Amino acid sequence: MQQNQRMSIAVRSSSGVWGSRTTFVLALTASAIGLGNLWRFSYLLGEQGGAPFLIAYLLCLFFVAVPVLVAEVLIGSHGRSNPVSALLYTSARSDITRAWLVIAWIASIASAIILAYYSVVAGWGLAYIGKMQSGVFSDASAAEVGRVFTTMLADPQQLLQSQTVFIVLTFTISALGIFRGLAVLFWFSIPLFLVALGVLVEYSLLNGDVTQAGEFLFSVNTYDFTAESVLLAMGQAFYTLSIGVGIGMAFGAYAPDKIPLGRTVLAVALFDTMVALAAGLVIFPIIFAANVEPAMGPGLMFVGLPYAFGNMVEGELFGAIFFITITVVALSSAVALAEPVMSYLVERMRLRRPVAALLFGTVTWFVALGCALSFNEWQDVYWYQQMTLFQLLERVSTVILLPTAALLTALLVGYCIRREILRVELYRESRLFIFLWRFCLRYIAPPAIVIVMASALLEKF
Ligand code: PHE
């Protein structure tokens, strides 16, 4: 019986292989670069002490997040199929319990939840392209700019319109498939993003307050750097590499043979960090030039920045470019987020891709509707301890599901999988690399993840 089961699992069913290593790198990069790089990293850097925070972040990135992402990609690449099948295959090959499958379920649920609320925020970005360009913010006062944002949030119809456009775009691309949809988007979106980022950095350095931004971002303030800063650095490292949501497995399934998985992931992490730093160079000179208090999250993105752009030369144009950039980046992350569940529906449920996209897109739309209503009609409806649906979904996914999936992945690959599998999948990496990677997975990542999770849970649940 067990033999039979293994035989059937052994028929791996990947829908293909990325055309080249570059596409694979672009895919991982596209899922990594997102709102986290734009509205969170640089603020934390400035607020949490500068250089010491950067060092803490890099340590968490390279010793915890990167090893976990390598482990995820390895499972996908070994199983050559959706996260569920890949985990079944990998555990069967290692003669261990198939209960590890639970990782795929947790990760898939996390990805679906994140996709829903990500679409809501991405919809705001989409709406702001038009607003910015129309000149609503030109010479507007800070209060007026704030009012535009609150008025938008209070209007369910407006929110619904833009998130519907975003969700339709996401699932149309996803329906086109890995090669005609995702790969084409990534080849187009990453270069476009880099050009736009370059243009914005130049604009900001020319017109913004570079000295003050430099002081904010890079001066060393050890007294601002606390234990909490380390936790924030770790959380940021996890979130930015998009670990724990099954993307690494889903994309690893299409990784071309013979690529050095470890070095590829390392390169993606480095690049992602450089992008996050560059985003800081766009945002803070502009913010300081307009005398706006630095902040992070929606307040920075949808109030502080539009106000600052509105008061600068050619701010409408560059502001619009900024919001186009955000939308493109969010779209790439969203398409990546849809992939773990999409590949499951196509490969295991045997649905055609367009049908799967329609089905999953509809579910996402309804959950996103609930999230959008959290800002108006359901503003006072608390689903759990004073949290609106939007807040609850955001917390549950990032504080519980995502770290749990990452933790289990580290334990599975660090302790349970056959060594030969690791050696085969990582055969292009040096022995030293494999040793260090395994060491991190076994001894560093698990306690680090538990500490972050426990501290976050104590704070809010
Ligand atoms: N990595 C993305 C960012 O930095 C966010 C993300 C998290 C995307 C999890 C997909 C999955 O914004």
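Note that the coordinates shown come from a computational prediction; the quantities given were computed from them, not determined experimentally. Counting starts at 1 for both ligands and their atoms, in listed order.
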With distance as the sole test, does Glu429 use its side chain to make a donor-acceptor pair with the main-chain N or O of Gly262 at under 3.5 Å? yes
Counting only N and O atoms by type, is there a donor-acceptor contact under 3.5 Å from the side chain of Glu347 to the main-chain atoms of Asn82? yes
Contact partition for Val245 relative to ligand 1, non-hydrogen atoms under 4.0 Å: side chain
Which bit of Tyr118 is near ligand 1, meaning a heavy atom under 4.0 Å away: side chain, backbone, both or neither? side chain
Nitrogen or oxygen of Leu35 less than 3.5 angstrom from that of ligand 1: yes
Is any N or O atom of Ser333, backbone or side chain, closer than 3.5 Å to an N or O atom of ligand 1? no
Calculate, to the nearest 0.5 Å, the distance between atoms CG and OG1 belonging to Leu241 and Thr273 respectively. 7.5 Å
Find the distance between CZ (Phe166) and OG (Ser119) and round it off to the nearest 0.5 Å. 5.5 Å
Closest to atom 2 (C) of ligand 1 (heavy atoms only, candidates Ala330, Ala32, Gly36) is Ala32
Give a yes or no on whether the ring-centroid distance for Trp378 and Phe390 is below 6.0 angstrom. no
Could you list which atoms of ligand 1 come closer than 4.0 Å to a heavy atom of [X]?
| X | result |
| --- | --- |
| Thr240 | 1 (N), 4 (O) |
| Leu337 | 10 (C), 11 (C) |
| Ser31 | 1 (N), 2 (C), 8 (C) |

In the protein, what heavy atom is nearest to atom 6 (C) of ligand 1, and what distance, to one decimal place, separates them? Ser242 OG, 3.7 Å
Check ion pair Glu339-Arg353 (N to O, under 4.0 angstrom): yes
Partner of Phe137 under ring pair (Phe, Tyr, Trp, His ring centres under 6.0 Å), picked from Tyr307, Phe309, Tyr128, is Tyr128
